[in-house]
Amino acid sequence: MQRRNFLKKTGLGATGLASIPFLSSWSKPIGEIQPKTIKKAVRPIVVCTWNFHNATSKAWEILNSGGNALDAVEQGVMIEEADVTNQTVGKGGRPDRDGNVTLDACIMNKDGNCGSVVYLQNITHAISVARKVMEDTPHVMLAGKGAEQFAYEKGFEKENLLTEQSKKEWLEWKKESKYETIINIENHDTIGMLAIDANGDISGSCTTSGMAYKVGGRVGDSPLVGAGLFIDNEVGGATATGVGEEVVKTVGSFLIVELMRQGKSPQEACEEAVNRIVSKNKNYNDFQVGFLAINKNGETGAYCIHPGFSYSKYDGAGQSDNPSGSFVKK
Ligand code: SD4
């Protein structure tokens, strides 16, 4: 029923509506709806996908000493980009099926500005290149050779990102060249990070080497603003990990932020986004997607398709690992 007809049928005009406390908020445009109970906001706070303690520790160090959320989410994920034992992010990342390590990353700040790099080679800190795109160019996204050239102009050093370990595993994989997604194992350790600083401002970052042994040229959700990451400083932020193709199809992170804007908690919003993916994919048993969200109050939520996803949190109460609920139960 259209809202106007509903009002007619129930005999509730504008004055009638305003006199009912519950409905008076409903009569406001969606963006103006206030949370039902005003809780004291948790800040500063940082969360990231998976249990990357060193990353949340670094971000917390910045936030706790009065630093801003943008610096925190950049420097936090840089820890993983530099860690060669993390084979899904930055240096040491697993290559595509031709043996090339190609990185995707994006960053978004409190003003809704963003920067992104896709198919970036030979540079460890893709997130910092993304930040430079945001701050030093009139553009949002740079790809491939152009992104790499831009990075050198900004003083980034050329490095070989393919470690002996990743090369050895790739050569092993090549014997069969079987391209399949593996739930929660190996190829799902992308780091997406969301932070709120002491001023209450929100920023986010997301960086990855993408799906292991992907087709050369493939770009996933992680550098796509709205899919792998989205921030709205009035509402909150969301980020994703898992099979990027499915996240792109539902514009997952944007969806979650919009659901929070409509009054859903971060947990409810993540669950709805996962439910949407599951309802559109009969083969959801074959892949994993996990979402993480935070609202302006510092409340957090996470949800995934298959058990195994978790997130790391650091706030005034300390650091914690938080297992995510899942659509498929254990
Ligand atoms: C991608 N979402 O490229 C990324 C992969 C991922 O942990 O999350 N890995 O599709």
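Read the numbers this way: they start at 1 and go in the same order the structure lists the ligands and their atoms.
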Discussion item. So, regarding T88 and ligand 1 (criterion: nitrogen or oxygen to nitrogen or oxygen, under 3.5 Å), is there a contact or not?
Written reply: no
A student checking ligand 1 against G242 at a 4.0 Å heavy-atom cut-off should list atoms 1 (C), 2 (N), 4 (C), 5 (C), 6 (C), 8 (O), 10 (O)
Here the atoms of ligand 1 under 4.0 Å from any heavy atom belonging to S222 are 2 (N), 4 (C)
The complete set of side chain to side chain donor-acceptor pair (under 3.5 Å) pairs with one or both residues in residues 96-110, sequence neighbours excluded, reads T102-K214
For T190, the atoms of ligand 1 under 4.0 Å from one of its heavy atoms are 4 (C), 5 (C), 6 (C), 7 (O), 8 (O), 9 (N)
Within the 4.0 Å heavy-atom cut-off, what E245 brings close to ligand 1 is neither
Any nitrogen or oxygen of V243, main chain or side chain, under 3.5 Å from a nitrogen or oxygen of ligand 1?
no
- Message: So, regarding D221 and ligand 1 (criterion: nitrogen or oxygen to nitrogen or oxygen, under 3.5 Å), is there a contact or not?
- Response: yes
Note to self: Evaluate T241 for polar contact with ligand 1, using N/O atom pairs at a separation under 3.5 Å.
What the structure shows: yes
Hey, does the side chain of H306 reach the backbone of F287 with a donor-acceptor pair shorter than 3.5 angstrom? yes
Open item on the list: Within the supplied structure, the quantity of interest is the number of heavy atoms (other residues, nucleotides, ligands) at a distance under 6.0 Å from K168 NZ; does it exceed 12?
Closed with: no
When rounded to the nearest 0.5 Å, the distance separating NE2 of H125 from CE of M78 is 4.0 Å
### Query
Should K249 and D221 count as an ion pair when the cut-off is N to O under 4.0 Å?
no
Worksheet item: So, E153 and K132, do they make that salt bridge, N to O below 4.0 Å?
Response: no
Here the atoms of ligand 1 under 4.0 Å from any heavy atom belonging to G210 are 3 (O)
Per-atom filter on ligand 1: closer than 4.0 angstrom to a heavy atom of M211 are 3 (O), 5 (C), 10 (O)
Exercise. For the side chain of S205 and the backbone of V73, is there at least one donor-acceptor N/O pair under 3.5 Å apart?
Worked result: yes
Sorted by chain and residue number, the ring-ring contact (aromatic ring centres under 6.0 Å, His included) partners of F327 (sequence neighbours excluded) come out as Y284
Note to self: Counting only nitrogen or oxygen atoms and a 3.5 angstrom limit, does A240 reach ligand 1?
What the structure shows: no
Quick look: R218 vs ligand 1, heavy-atom contacts under 4.0 Å, and the answer is side chain
